[in-house]
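This chain uses plain numbering: 1 for the first residue, then up along the sequence. The basis for the numbers below is simple: all heavy atoms, side chains too, and nothing from hydrogens, waters or symmetry mates.
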Amino acid sequence: MKQSRYILFLLLMVTLLLSCANLGTPDGGPYDETPPHVVHTTPKQGEMGVTPKRITLEFDENIKIAGAMEKVVISPPQQNMPEIEANAKKITVKLIDSLLPDMTYTIDFADAIEDNNEGNPLGDYAFSFSTGQTLDTMQVSGYVLDAQNLEPIKGMLVGLYTVTNDTTDATPTDLPDSVFRTRPFERISRTDSRGHFCIKGIRRGKYRVFALQDQDQNFMFSQKSEKLAYTHRILSTSSRPDIRPDTVWHDSIYYDSIVFTPYTHFLPDDIMLLAFQEEGQNRAFLKSERREMERFTLFFTAPDSELPHIEGLNFDARDAFVVDANATRDTITFWMRDSLIYYKDTLEMVLTYNMTDTLGQLVSYSDTTSIVSRKSYERLLKERKNQWEDYAKQYRKDYRRKLRSRQLSGQTDDDSGLDDDDADTDVAEAADSVAEPAVVDEGKKKKKEKKKKMVDEDIPVPPMPAKALDYKMSRTTMSPDQNVTFTFTQPVDTAFVSMVHFEEVIDTLREERPFLLRRKQGTVNSYVLYAEWQPDAKYELRIDSAAFVGIYGLVNSEIKKTLNIRGLDSFSTLFVVLHDTDPSAVVQLLNTTDKVVREQKAKNGRADFYFIDPGTYYLRLFYDRNGDGKWTTGNYDEQLQAEETFYYPGALNLRAQWDVTQDWTPTAQPLNRQKPLKITKQKPDKEKTIKNRNAERGK
């Protein structure tokens, strides 16, 4: 009886436990897919005639602000940044600046507000109020792109200035160009990851728009290091009713329906600003560096047409250097010719260079500086001593091994270069090593050690082999339109062209071919070999030793290379036909990383590219207005825009033996839709949407 009661009790407990476990769904119930909703604000949304210092937004659930510093924008701009805090169901904004009279204030949160648990976004939300008796609701929008490569610029400030009317004329009077330098923006917005901006809370009227990477946060262009964009276009605000089609999707392939939603369409919404950074950035001396004793490098923040002048204090700087400047002339290396100079651990000098003063002008500046070598002369001598000892030790070891091998094999001739005394000594040593008894008396051991020491001292060690002038060669297999470049590890003092031999290999025969050897422009250590290369041909290049002599006396060792020219059947050809373009157009062929592979100035509306390796390519074009052969940035004070840039919106897949003709009208699409996404580095952020997690769980 007791046993049956016990069993009944156990069954009852199990039933209770199972029922408790099934009180809800196994994972705690359905997910929250409802975005947060504003239930109350202080002051009220759109309230007029108020001057609040603290703004409170209350929601129906706990919320958070994601990326407040990047996304939340308060307009008109605030010199003292407001304090924004999210706590439970409230957002509090504390305004520190005084509020302007008769002004609409807008706090644009964009998509920063989310519910705290599931991250469901509220959406594009902005709160507005007015200190006057009218609430301004107009908007203007557009895009900011990098002028050179049409990259969307994220986080760039975009601002407006009001264009006022003349008292005698109803047409608007344009603003002076100095306004961008002297007055902060009146209304502002910030670009998102697509470069898109929308300035809200604007009065009906006419405006000019500017964009700025505001480094000093004064809301106006005040530094050359600030990237900027401007246009002379006068913006006239307007609006009209419109309908937006929204697609309701059943799944990733099929849609259920299209919903048409009425809304107010604000204009203009097609503003295009192309941002650039001016040349002539503030120039200052960054640092010096002397990794090796024979050279030192000076680093500057910006280039200059004039090289620094050096006056030596503990050395004579006249004709003391070979100067090697990089392409941008902001990094300059000085190679010292004389060992009496570069063996000094510290070089004391007066350095004179151009720098930017407080007025933004380049002025000459002199400074006394000391440049210390990372490797001291004492350390250099120690390294050379260690190198000599290692070399001598290895040489003696190889010497003994050769001698033992010859004597044990019974050879007695002198072809090895070993003298008789050395041979006799080593024979005795070899005999001792063979016939030595198991027990050796101390006297014989000391005698043997003494004999061995004498052998080490007597072995003649020749001087270390001279170090060769080292180099790197650009290529040995190439296309017919390429050439060969030699880059040496130190500046070249002399090149003997007569010691360079160039022949075409035809079966077993070799025929001399003409060539040119020229120092590469702008370098001190590179030479280019030019020739008329034939497709599918083979050439042999022989350079005698000492053909190139470095400034420290090092010479090259003999160079012998076979050069193979690829056949025409391994290349593709591209013909670009341009429509409605400026005669100054320069077309660039780009690889999949947006880097220039080839460049061709358009002639008669076309650009032809030969000997292209098969692959995927893209096209970019710029107008070389000043004819200097390169893209040129703009200048605000001179009211010069950067040279226009365009992208072909698609990819070009080129295959071997293909001749491809591509028509292109650069202005056919808006600039913000031209650059292919695959080579755009600033990818758009993933759009925030309600997470459909309940549907996903039900699958």
- For the rings on Tyr618 and Tyr647, is their centre-to-centre separation under 6.0 Å? no
- Message: Aromatic contact between Tyr161 and Phe185, with the criterion being ring centroids under 6.0 Å apart: yes or no?
- Response: yes
Salt-bridge contact [X]-[Y] (side-chain N to carboxylate O under 4.0 Å):
X	Y	value
Lys200	Asp124	yes
Asp637	Lys224	no
Arg190	Glu70	no

Could you point out which residue of [options] forms a side chain to side chain contact (heavy atoms under 4.5 Å, CB included) with [X]?
X	options	result
Ile74	Ile188, Val93, Ile55	Val93
Ile63	Asn116, Asn117, Asn120, Ile91	Ile91
Ile199	Glu186, Gln139, Arg187	Arg187

If I take atom [atom1] from residue [X] and atom [atom2] from residue [Y], how far apart are they, to the nearest 0.5 angstrom?
X	Y	atom1	atom2	result
Ile202	Thr104	CD1	OG1	10.5 Å
Lys154	Ser193	NZ	OG	5.5 Å
Leu135	Thr106	CG	OG1	7.5 Å
Leu273	Asn672	CG	CG	11.5 Å
Leu150	Gln682	CG	CD	14.0 Å
Phe646	Thr667	CZ	OG1	6.5 Å

Within 6.0 Å of [atom1] in [X], more than 12 heavy atoms from elsewhere:
X	atom1	value
Lys53	NZ	yes
Arg181	CZ	yes
Lys683	NZ	yes

Using only heavy-atom distances, determine whether the side chains of [X] and [Y] contain a donor-acceptor pair under 3.5 Å.
X	Y	result
Arg244	Thr261	no
Ser222	Asp216	yes
Glu599	Gln588	yes
Thr616	Asn653	yes

- Go through Tyr353 and Phe285 one step at a time and tell me if the ring pair (Phe, Tyr, Trp, His ring centres under 6.0 Å) criterion holds. CA-CA 8 Å; Tyr353 56 91; Phe285 177 53; 5.8 Å; yes
- Message: Please identify which of these residues, Arg620, Lys675, Lys681, meets the salt bridge (Lys or Arg N to Asp or Glu O under 4.0 Å) condition with Glu151.
- Response: Lys675
- Query: Which class fits the ring pair Tyr230 and His232: parallel under 30°, tilted 30 to 60°, perpendicular over 60°?
  - Reply: perpendicular
